[in-house]
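For reference, positions follow the sequence shown, starting with 1.
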Amino acid sequence: MWGGLILSTHRIWASADLDRQYALETVGLLKSWDNVDGLFTEYIAAAYKDYFSKPTRFAVNDLSLAESLFLHSKLSYQKIIKDSDILGQLARMTHTETLIRTEVTQEGTQYFFTLDWLHGPQMEIISTIRFSLEEPAEGAPLGTDLISLPIQANLEKLFAQVPFMAQVTGRDNRSVTVSFGSQQKVREGDVLVVATLDEVKKHPLLKSIVGWKLTPVGKLIVEQISDGMAFCKILEEEPGREIARYQKVIQIQGGSSLGTQGVEQSTHEPQSLVSSTPPQLGWISVSLPTGSYTRQVNSPASLATLSGGGFILGGKAEGQIWLTQSWFADLGFGYSFWNFTQQNSSGIQTAISQTGGVAGSALMLKADLGYSYLIDGDFLGPKGWVKLGYQSNSYSLPTSTAELTGPLSLSSLYIGIGGDLPIRGKWGVQANFNYRILTGVSQSWLNETTLSASDIGLFLGVYYRLNERVSFGCGFEVNAADAGFSAGSNISQKTMTFLPQLLYYF
């Protein structure tokens with residue numbers, strides 16, 4: 001009994017703390033950044049000034065004095081507004097609960113806008129809006145109207161992604177005041193459903209808020225409206241709960257068409273332009289490699305040099321687990337097969353080729369641990385990585401001393417480097433290079449010991465990000481291996497494949 005009472009009391013205090021923590025009453029407007037020499041700075045500032053000059057539920061804090069300190073920083077302005085520590089200090093210094101960060105990137109004839117609403121001081125992303133505008137026709141001015149109207153419309157969408165539209169600002173006995181601002185058309189006689197914030201779900205890597213759990217505590221009736229404030233009376237309260245300051249209005253009932261949040265829904269997942277829930281753990285991919293396998297063997301003991309190959313078909317599955325925002329682990333599996341034929345140095349087909357060739361196959365297994373460097377701090381933006389891992393490639397061919405064929409396995413410790421670069425809209429390019437720093441060779445048909453070995457892999461590709469969960473891509477992959485043996489024999493082989501790929505983030 002006492003344990004239940006303590007737990008219940010703790011839950012009430014936890015909800016009150018969350019309600020207060022996510023009051024979202026003050027907002028600071030960071031100077032915008034763009035890649036066209038500050039072309040949009042004044043237009044965006046004017047759009048924000050016009051929007052917040054009307055009554056809203058926010059008090060705008062002046063950041064100009066603190067932002068002037070940024071001019072003396074060695075960091076670029078783009079990196080400053082991506083730095084959570086710097087922005088956290090700014091929020092504490094100016095007593096600002098939330099910040100609006102605006103970035104504009106020109107790509108061809110389009111301007112891509114990103115509006116982030118950040119909660120201080122940890123700079124969690126409350127919500128994000130992305131939209132694009134077409135460059136004006138030649139000779140037409142950029143103009144304030146072209147920027148202001150879309151900015152203000154998307155600001156409202158940005159704030160609407162949070163599952164509450166207002167909050168309680170005070171209570172005196174049975175009278176309650178609620179701050180709405182000009183964005184909600186609440187009327188006298190409307191009934192407001194009030195809830196307390198029980199839980200905030202946060203993305204473990206992206207530092208964004210992906211869910212809110214709200215529990216209804218009571219209802220209010222609006223008696224009077226004045227300058228964005230609603231003066232209300234309490235209609236009812238849930239047993240054991242009280243309507244209090246900082247709690248949230250999740251629904252408007254009775255004549256208002258703006259209430260979209262049902263009372264029975266206690267959990268709301270905020271929407272974004274591209275995905276309802278951003279990826280949290282990693283990704284998996286499948287691809288169907290097609291291409292060529294080539295092989296050359298030189299054996300002084302047999303006085304023979306043979307070369308051949310075949311057309312590859314196969315399948316490949318890979319996955320990545322995000323350990324932190326920067327650290328990750330990769331796993332991969334691949335299988336391919338081909339019909340193998342070869343000829344000698346005089347261009348004459350060998351016996352197996354004259355009978356139609358033999359079946360060849362390859363099995364690939366790999367695992368690695370890597371570190372990503374986010375160039376501009378954006379998890380889905382440009383980045384580079386380095387990784388260390390283990391890979392095994394097993395090539396299967398029938399054993400034949402006369403044909404100098406047989407199974408061959410290469411086990412390698414490798415280091416890899418690569419990068420991901422978004423280039424335009426949802427398009428991007430990716431590259432990866434793996435170099436095997438230690439390679440072991442296993443074979444039994446050549447009767448020679450291994451003296452040296454090398455093994456490299458290269459991938460170049462392009463992708464299209466359909467949304468934050470799904471992307472399609474294609475690319476070229478080259479894997480080349482070479483081994484030298486004690487009696488002077490040498491084996492070199494290479495696969496060159498084209499890989500159409502489907503990738504899913506989870």
Side-chain angles (χ1 to χ4, degrees), residues 79 82-85 122-125 128 201-210 272 274-275 277-287 289 316-334 364-393 411-423 426-438 455-475 477 479 499 501-506:
K79 289 186 176 181
K82 289 284 190 177
D83 192 306
S84 298
D85 292 334
Q122 284 77 31
M123 292 302 120
E124 304 154 335
I125 299 177
T128 296
K201 299 178 182 178
K202 302 175 185 178
H203 193 293
L205 302 176
L206 303 182
K207 297 182 179 179
S208 60
I209 296 173
V210 297
S272 69
V274 292
S275 173
T277 307
Q280 302 184 44
L281 299 176
W283 54 260
I284 55 175
S285 72
V286 292
S287 55
K316 189 175 182 181
E318 294 181 285
Q320 186 175 99
I321 299 296
W322 299 331
L323 306 176
T324 69
Q325 189 174 17
S326 297
W327 290 94
F328 63 88
D330 285 327
L331 295 172
F333 169 82
M364 180 276 292
L365 297 169
K366 75 168 186 177
D368 60 55
L369 179 68
Y371 177 82
S372 289
Y373 174 70
L374 309 182
I375 295 175
D376 61 7
D378 186 353
F379 192 75
L380 298 178
K383 59 185 173 182
W385 60 76
V386 61
K387 51 191 176 181
L388 179 68
Y390 171 83
Q391 181 164 322
S392 172
N393 292 282
S411 301
S412 306
L413 181 68
Y414 69 88
I415 186 170
I417 58 173
D420 185 324
L421 179 65
I423 53 176
K426 297 182 179 181
W427 291 92
V429 294
Q430 195 174 90
N432 193 76
F433 176 74
N434 294 337
Y435 178 75
R436 278 67 169 187
I437 52 180
L438 292 173
D455 194 5
I456 63 171
L458 175 66
F459 173 82
L460 295 172
V462 61
Y463 63 84
Y464 176 80
R465 195 181 299 281
L466 182 65
N467 54 48
E468 286 183 351
R469 289 223 174 239
V470 179
S471 69
F472 301 97
C474 61
E477 186 173 56
N479 287 286
L499 286 84
Q501 183 183 56
L502 171 65
L503 188 146
Y504 176 76
Y505 291 88
F506 57 91

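- Of the inter-residue distances, the one linking Ser411 atom OG with Asn393 atom CG reads 8.5 Å to the nearest 0.5 angstrom.
- Taken from NZ in Lys202 to OG in Ser208, the straight-line distance is 11.0 Å, to the nearest 0.5 Å.
- Between Leu502 and Phe472, some side-chain heavy-atom pair lies under the 4.5 Å cut-off.
- The structure places CD of Glu477 at 8.5 Å from CG of Asn432, a figure rounded to the nearest 0.5 Å.
- The minimum heavy-atom distance linking Pro289 with Lys316 is given by the pair CD-N, 4.1 Å.
- Ionic pairing of Lys387 and Asp330 is present here: one or more N-O contacts between side-chain nitrogen and carboxylate oxygen are shorter than 4.0 angstrom.
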Taking it one step at a time, do Leu374 and Gln325 satisfy side-chain contact (heavy atoms from CB on, under 4.5 Å)?
CA-CA 9 Å; Leu374 309 182; Gln325 189 174 17; 3.6 Å; yes
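- Tyr435 and Asp455 share no donor-acceptor pair across their side chains, judged by distance under 3.5 Å alone.
- Closest approach of Ala431 and Leu460 over heavy atoms only: CB-CD2, 3.6 Å.
- The shortest distance between side-chain heavy atoms of Leu369 and Leu323 falls below 4.5 Å.
- Here the closest heavy-atom approach between residue Tyr505 and residue Ser471 is recorded as CE1-OG, 4.3 Å.
- Side-chain N or O atoms of Lys426 include one that pairs as donor or acceptor with a backbone N or O of Leu466 at under 3.5 Å.
- Of all heavy-atom pairs spanning Leu499 and Ser287, the tightest one is CD2-OG, 3.6 Å.
- With contacts defined as side-chain heavy-atom distances shorter than 4.5 Å, the pair Phe333/Met364 does not qualify.
- Between Tyr464 and Trp427, a ring centre-to-centre spacing shorter than 6.0 Å is recorded.
- Summarising the local packing, NZ of Lys79 is surrounded by 12 or fewer heavy atoms from other residues, nucleotides or ligands at distances under 6.0 Å.
- Between Leu331 atom CG and Ile284 atom CD1 the span is 12.0 Å, to the nearest 0.5 Å.
- In this pair, Phe328 and Trp385 present their aromatic rings perpendicular. The plane angle is above 60°, beyond the 30 to 60° band.
- Looking at residues two or more places apart in sequence or on another chain, you find a side chain to side chain contact (heavy atoms under 4.5 Å, CB included) between Leu421 and Pro382, Ile423, Val429.
- Ile125 contributes atom CD1, which lies 9.5 Å from atom CD1 of Ile209 (distance to the nearest 0.5 angstrom).
- The distance from atom CZ of Arg469 to atom CH2 of Trp283, rounded to the nearest 0.5 Å, is 15.5 Å.
- Across every non-hydrogen atom of Gly389 and Asp368, the tightest pair is CA-CB, 3.4 Å.
- A cation-pi contact links Arg436 to Tyr414, judged by a cut-off of 6.0 Å to the six-membered ring centre and 45° from its axis.
- Side-chain contact between Cys474 and Val462: present, with at least one pair of heavy atoms (C-beta onward) separated by less than 4.5 Å.
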